[in-house]
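Beneath this line is the structure, given in structure tokens, with notes to follow.
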Amino acid sequence: MGENLVIVESPAKAKTIEKFLGKGFTVKSSFGHIRDLSKKKLGVDTSNGFAPNYEISADKKKVVAELTAEANKSSIVWLASDEDREGEAIAWHLSETLKLDSSKTRRIAFHEITKSAILAAIDSPRDIDMNLVNAQQARRILDRLVGFELSPILWKKVQPKLSAGRVQSVAVRLIVDREREIAAFKATSFYKVEGSFIPEKLKSTVKGSVAKKFSDESQAKAFLESCIDADFSIASIETKDATRTPTAPFTTSSLQQEAARKLGFSVSQTMTIAQRLYEAGLITYMRTDSVNLSSLALGAAKEFITKEYGAAYSHTRNYKTKTKGAQEAHEAIRPTYISNTTIEGNAGEKKLYSLIWKRTIASQMADAKLEKTTATISAANVSEPFIAESEKVVFDGFLKVYIESTDDELDAEELGLMPAIKVGQKMNPKVITATEKFTSRPARYTEASLVKKLEELGIGRPSTYAPTISTIMKRDYVIKGDKKGEPRNFNTFTLKAGKISEEAKTEIVGNEKGKLFAENIGIIVTDYLSENFDSILDYGFTAKVEEDFDQIACGNKVWNEVIRDFYTDFHQTVEDKLNDRTHTHVERRIGVDPVSGKALIARIGRFGPLVQKGENDDPDKQFASLAKGQLIENITLEEALKLFELPRIVGSYQGQTITASIGRFGPYVKYGSSFVSLGKTLDPHSVTEEEAIALIEEHKLKESKKHIATFGDIEVLNGRFGPYIKQGKNNYKIPKGTAAESLNEESCREIIEKATNTK
DNA sequence: CAGTGAGCGAGCTTCCGCTTGACTT
């Protein structure tokens with residue numbers, strides 16, 4: 001006895017704190033929550049005040065046993081989980097599960113992991129805040145009730161194994177709504193006029209553009225005509241000072257966005273790499289919604305910047321978190337040691353660390369000072385002036401280390417420098433063009449821009465952004481993919497040497513990479529839920545219940561009354577829907593096959609979305625699966641008919657017919673019983689016999705290389721993850737350090753035996 | 001693993017948020 005036990009949530013944190021506290025203190029980790037509602041059952045007694053039934057999670061039994069043993073050995077147990085709703089609940093669950101005596105239990109919290117912060121926390125312990133715990137229980141129970149009552153309705157009404165929830169269903173809705181905005185979008189065209197001018201007595205050119213958009217061809221042409229023989233000159237020059245301020249240091253969400261834009265990382269990639277950096281002690285905690293930096297970090301940044309760039313570049317700033325529902329249990333994401341400009345690690349780790357380092361340093365640097373010059377070029381009888389702009393960096397400030405990226409693909413062009421021009425100076429037009437432009441349709445979400453949107457709506461938490469995205473993809477509600485751009489014609493008029501010429505040009509528009517597309521089942525589920533549970537699909541639903549949770553947290557509302565108010569109506573609707581005996585049959589009649597005269601109908605079948613040729617009672621009706629990216633709600637007759645062209649006979653190879661089609665794993669060619677994937681470049685509708693044969697032979701060559709050795713029933717093969725051993729249907733890993741070529745029958749059998757025994 | 005779409009029925013699926021490993025053919 002006499003020992004102190006401190007329990008935190010993360011093992012990496014435990015290690016650091018143990019060093020600060022030294023002798024007499026043991027620091028252990030709970031690895032997050034240790035108890036939860038039953039995994040399979042509802043776990044909430046809805047007829048008895050919504051009493052929750054908690055169970056120790058299977059993977060936490062060991063942790064709980066260890067913590068109990070430690071607690072029994074200690075005279076004081078310090079519950080040091082995070083100081084937010086979830087953290088408070090973890091502390092309470094610990095005190096309940098470990099059966100801690102209140103006289104030997106202390107609740108403490110610190111926002112930064114520094115020795116002084118921890119010692120200060122130890123000096124001012126408090127009791128567990130039951131209001132905050134109850135707010136968490138309300139959150140947990142509401143999510144359980146919504147998830148476990150809505151999902152079974154979908155199993156019955158739409159398809160088994162589907163899921164619905166407060167967060168995921170709204171995330172899907174965002175994507176479905178956007179998909180429909182895109183489908184409904186009609187681009188309108190206008191003309192933009194730009195000109196290059198040569199100032200009199202100078203050699204350089206000045207580029208200017210007309211602010212007004214001309215709504216049609218005749219207006220644009222009329223304007224160009226007015227420019228013929230016009231005497232242009234500088235009407236005014238204005239110079240303005242401007243400043244640019246650095247953005248706040250990273251939160252989980254902004255890190256995910258910038259890592260996607262600058263490094264091309266997916267949301268989950270960013271989190272995995274950040275986790276490794278955190279565990280290596282290189283950065284602070286990566287799941288946070290706070291932009292706050294510790295005083296220690298502020299001091300270190302100031303010292304580093306002053307030493308490295310000079311005092312003029314230092315500007316200590318404290319950022320305030322604006323995000324709805326932010327709980328601020330941690331610091332912003334920053335390097336643990338500001339002076340570590342680079343780290344050891346793999347390429348991804350180095351890049352992500354560097355990004356975090358730059359953003360943190362920049363946030364503590366001075367504003368950039370700019371000088372913006374705007375020159376107006378006009379002429380008599382020309383109705384609109386040309387505006388030329390330039391920008392000069394007078395003092396780079398934070399721009400020395402970091403420039404934030406934007407999602408806007410059509411980012412403003414780089415502004416050049418303005419030559420020495422004066423008011424009244426004659427400007428000779430070199431060329432003036434009127435280009436037809438189009439309004440741009442809404443952009444599909446990327447993983448990162450979806451996270452940004454969810455954060456703005458206050459939906460989801462830093463720890464759930466990445467898992468939410470993988471859930472909605474796993475359910476086939478949405479798919480991450482690319483879309484090829486399509487050609488679009490546009491007109492240009494060019495005024496040069498006093499003559500106007502017209503030219504029709506083509507551009508490729510709508511090319512998209514790594515975007516989230518709505519899938520058929522996502523659309524159907526969203527429509528069903530919006531129709532029957534509109535309040536939950538409402539973008540403001542989370543914000544509304546969060547207000548209630550806040551009221552519970554400050555003691556103004558009672559948690560199970562809040563739940564009851566919600567549940568009574570909700571559950572009634574659930575009951576009504578379960579009993580209404582309808583099944584959602586979403587189908588769309590696309591049109592009629594001009595050859596057979598049969599109807600084409602798109603719907604969901606047992607194996608996914610399909611097109612059916614012929615009515616349901618037609619004994620000769622045919623089926624074809626929809627390709628990835630084709631939607632029931634907007635597939636065209638032409639596209640649908642094309643689906644029935646497959647499988648298509650391409651030719652023959654070694655006396656066997658080659659056919660081409662699209663299967664579960666994409667387009668393929670087949671000869672005999674062998675399949676070869678067509679990859680992304682070849683189309684099964686158009687692949688030629690020569691292409692197919694070339695592919696087949698290439699594939700055969702690869703297959704022959706796949707085989708390393710055979711020992712009786714054992715094979716050594718080259719696989720996706722390198723060489724492995726195969727016996728019958730089972731695969732076995734080759735131990736590290738063993739070369740696949742060096743294996744013989746005996747060593748293979750040893751490996752197999754070892755693997756079988758350890759299972 | 002490259003097609004499929006009868007009908008019945010037992011048994012299963014599912015939420016959000018807090019945390020790491022274990023494991024991959």
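For clarity, every value in this text was computed on a predicted model and none was experimentally measured. Here is the naming used below: chain letters follow the sequence lines, and residue numbers restart at 1 for every chain.
For the pair A:Arg85 and A:Glu546, the salt-bridge criterion is met [side-chain N within less than 4.0 Å of a carboxylate O]. A salt bridge is defined here as a Lys NZ or Arg NE, NH1 or NH2 lying under 4.0 Å from an Asp or Glu carboxylate O, and A:Arg35 with A:Glu55 fails to meet this definition. Under 4.0 Å is where a charged nitrogen must lie from a carboxylate oxygen, and between A:Glu66 and A:Lys28 at least one such pair does. Contact check on A:Arg139 versus A:Glu86 returns a salt bridge, with a Lys/Arg side-chain nitrogen under 4.0 Å from an Asp/Glu carboxylate oxygen. We find that A:Lys598 and A:Glu615 are not joined by a salt bridge, their nearest charged nitrogen and carboxylate oxygen being 4.0 Å or further apart.
Put simply, A:Tyr477 has no side-chain N or O that comes within less than 4.0 Å of OP1 or OP2 on B:dT14. Taking side-chain N and O atoms only, A:Ser163 has a distance below 4.0 Å to OP1 or OP2 of B:dC15. Residue A:Arg166 has a polar side-chain atom (N or O) positioned under 4.0 Å from OP1 or OP2 of B:dG17. For the OP1/OP2 pair of B:dC18 and a distance below 4.0 Å, the side-chain nitrogens and oxygens of A:Arg139 include no atom meeting the criterion. Residue A:Arg144 places no side-chain N or O under 4.0 Å from the OP1 or OP2 atom of B:dC16. Contact between the side-chain N/O atoms of A:Tyr285 and the OP1/OP2 oxygens of B:dT19 is found at a separation under 4.0 Å. OP1 and OP2 of B:dT13 both lie 4.0 Å or more from every side-chain N or O belonging to A:Lys41. Side-chain N/O atoms of A:Ser463 include one lying less than 4.0 angstrom from OP1 or OP2 on B:dC18. An OP1 or OP2 oxygen of B:dC15 is reached within less than 4.0 angstrom by a side-chain nitrogen or oxygen of A:Gln168. Within the 4.0 Å cut-off from OP1 or OP2 of B:dC15, not a single side-chain nitrogen or oxygen of A:Ser151 is found. Phosphate contact (OP1/OP2 of B:dT13, side-chain N/O of A:Arg475, threshold under 4.0 Å): absent. An OP1 or OP2 oxygen of B:dG17 is reached within less than 4.0 angstrom by no side-chain nitrogen or oxygen of A:Gln136. Between A:Ser30 and B:dC18 there is no side-chain N or O to OP1 or OP2 distance below 4.0 Å.
Within the nucleic acid shown, A:Ala164 comes within 4.0 Å of sugar-phosphate atoms alone, with no base atom in reach, counting heavy atoms only. A:Lys621 comes within 4.0 angstrom of nothing in the nucleic acid, heavy atoms only. Within the nucleic acid shown, A:Gly87 has no heavy atom closer than 4.0 Å to any nucleic acid atom. Among the protein residues, A:Val146 comes within range of no part of the nucleic acid, since none of its heavy atoms lies under 4.0 Å from any strand. Heavy atoms of A:Leu610 sit under 4.0 angstrom from at least one base atom. Using a 4.0 Å heavy-atom distance criterion, A:Pro467 is classed as making no nucleic acid contact. Counting any heavy atom pair closer than 4.0 Å across all strands shown, A:Gly32 reaches a base atom.
Donor-acceptor pairing under 3.5 Å is lacking for the side chains of A:Ser530 and A:Arg173.
Here A:Phe148 packs flat against the base of B:dT14; its ring centre is closer than 5.5 angstrom to the base's six-membered ring, tilted by less than 30 degrees. The aromatic ring of A:Trp155 sits over the base of B:dT13, with ring centres less than 5.5 Å apart and planes inclined by under 30°.
You'll find that the side chain of A:Ser625 is closest to B:dT4, out of B:dT20, B:dT4, B:dC18. Listed nucleotides B:dG17, B:dT13, B:dG3 differ in distance to A:Lys670; the shortest reach to its side chain belongs to B:dG3. Here B:dT19 is the nucleotide among B:dT4, B:dG3, B:dT19 with the atom lying nearest to any side-chain atom of A:Asp82. Nearest to the side chain of A:Met286, among B:dT20, B:dT13, B:dC16, sits B:dT20.
With hydrogens and angles ignored, no donor-acceptor pair closer than 3.5 Å exists between the side chain of A:Arg461 and the base of B:dC18. In the interface, the side chain of A:Arg140 is paired with the base of B:dC15 through a donor and an acceptor atom under 3.5 Å apart.
Under the 6.0 Å distance and 45° angle rule, A:Lys613 counts as a cation-pi partner of A:Phe644.
Nearest-nucleotide positions on DNA chain B for A:Pro462 and A:Leu145 put A:Leu145 closer to the 5' end.
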